[in-house]
Amino acid sequence: IINSLKILLKNFSKEMLLGFFFFFCLQNCILLPITMSGKSLLLKVILLGDGGVGKSSLMNRYVTNKFDSHAFHTIGVEFLNRDLEVDGRFVTLQIWDTAGQERFKSLRTPFYRGADCCLLTFSVDDHLSFENLGNWKKEFIYYADVKEPEKFPFVILGNKIDKNERHVTIEEAQAWCVESGNYPYFETSAKDDMNVDVAFEEAVRQVLAVEEQ
Ligand SMILES: Nc1nc2c(ncn2[C@@H]2O[C@H](COP(=O)(O)OP(=O)(O)OP(=O)(O)O)[C@@H](O)[C@H]2O)c(=O)[nH]1
Ligand SMILES: [Mg+2]
């Protein structure tokens with residue numbers, strides 16, 4: 001074997017060795033980084049908020065573009081995936097929709113761990129759901145075991161803006177977001193498909209920004 005290898009090496013011309021060297025550089029320094037950057041990133045985002053604020057409706061609007069005006073309360077958790085491109089990055093967004101009703105607390109909290117972003121949701125026609133945002137944030141930080149809560153990306157959604165009756169003003173909601181950590185705030189309607197895409201895209205941007213830091 002050694003003799004055959006010696007013969008083979010003797011027969012290799014300089015040009016062939018140079019060719020191999022260039023092929024190696026092309027493969028590892030140029031092609032590999034390009035294919036790696038095109039690889040899709042899996043991000044887990046979680047929707048939290050009181051029962052009935054429209055978390056499942058937002059997820060279904062975003063992933064399936066459908067709205068059900070007689071949606072049932074969620075029991076435990078459900079998730080759906082959607083692929084998207086944000087600022088040139090390919091991302092698979094794994095959206096975890098949780099049950100907001102208190103009686104399902106023990107079924108939803110085990111799924112908080114590993115979330116990259118948390119979407120705290122309330123309904124603009126329900127002031128109590130807005131007042132509860134702080135409790136949802138605390139519950140998430142505790143059960144997800146977030147090490148640096150001040151750096152964690154939260155996005156706040158005020159849903160059901162299509163409704164005529166409003167009990168939370170935009171100023172009130174924005175003030176809470178600024179005070180609580182300068183969180184991005186979006187007013188959405190799962191029913192009329194308003195601001196749903198931009199809200200989820202912002203969640204991705206927030207995660208990518210933290211990742212870059
Ligand atoms: N008008 C209006 N109704 C909405 C909107 N989003 C959801 N709803 C309705 O509000 C009700 C509750 O919506 P869900 O999406 O089930 O609420 P949820 O937050 O998932 O509730 P839980 O699963 O119990 O935590 C349903 O009857 C929906 O049709 C919206 O943007 N506008
Ligand atoms: Mg639900």
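Residue indices begin at 1 and follow the sequence shown. Every number for a ligand or one of its atoms is a count from 1 in the order of the listing.
A salt bridge does not link K160 to E187: none of the charged nitrogens lies less than 4.0 Å from a carboxylate oxygen.
For Q101, no nitrogen or oxygen atom sits less than 3.5 Å from a nitrogen or oxygen atom of ligand 1, counting backbone and side chain alike. For the pair D68 and ligand 1, the shortest N or O to N or O distance falls below 3.5 Å. At a 3.5 angstrom cut-off on N or O pairs, S69 counts as close to ligand 1. An N or O contact shorter than 3.5 Å is missing between D97 and ligand 1 by distance.
A cation-pi arrangement is present between R82 and Y62 under the rule of less than 6.0 angstrom and at most 45 degrees off the ring axis.
At least one heavy atom of F67 sits closer than 4.0 Å to an atom of ligand 1.
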Q: Let me see the working for H127 and E172 under side-chain hydrogen bond (donor to acceptor under 3.5 Å, both in side chains), right down to the final yes or no.
A: CA-CA 11 Å; H127 203 273; E172 196 178 358; 2.6 Å; yes

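When atom types are taken as modelled, the side chain of K66 and the backbone of S57 share no donor-acceptor pair closer than 3.5 angstrom. In this structure a side-chain-to-backbone donor-acceptor pair under 3.5 Å is missing from K163 to V124.
Residue contacts with ligand 1 for N159 involve side-chain atoms from C-beta outward but no N, CA, C or O (heavy atoms, distance under 4.0 Å). Within the 4.0 Å heavy-atom criterion, the part of D162 lying near ligand 1 is the side chain and not the backbone.
Defined by atom type and a distance below 3.5 Å, a donor-acceptor pair is present between the side-chain atoms of Y112 and E139.
Scanning all protein heavy atoms for the shortest distance to atom 24 (O) of ligand 1 gives H73 ND1, 2.4 Å. For atom 17 (O) of ligand 1, the closest non-hydrogen atom on the protein side is G54 N, 3.1 Å.
Within the listing of ligand 1, atoms 16 (O) sit less than 4.0 angstrom from a heavy atom of A71.
Within the 2.8 Å limit, T74 places at least one N, O or S atom next to the Mg ion (ligand 2). One of the N, O or S atoms belonging to S56 lies under 2.8 Å away from the Mg ion (ligand 2).
Aromatic ring centres of F152 and F140: separated by under 6.0 Å.
Just one residue in the list T98, D68, T74 forms a side-chain hydrogen bond (donor to acceptor under 3.5 Å, both in side chains) with S56, and that residue is T74. Under the side-chain hydrogen bond (donor to acceptor under 3.5 Å, both in side chains) test applied with T188, the options D162, N195, D193, N159 reduce to a single match, N159.
With distances taken over non-hydrogen atoms, the option nearest atom 15 (O) of ligand 1 out of G100, S57, A190, G52 is S57.
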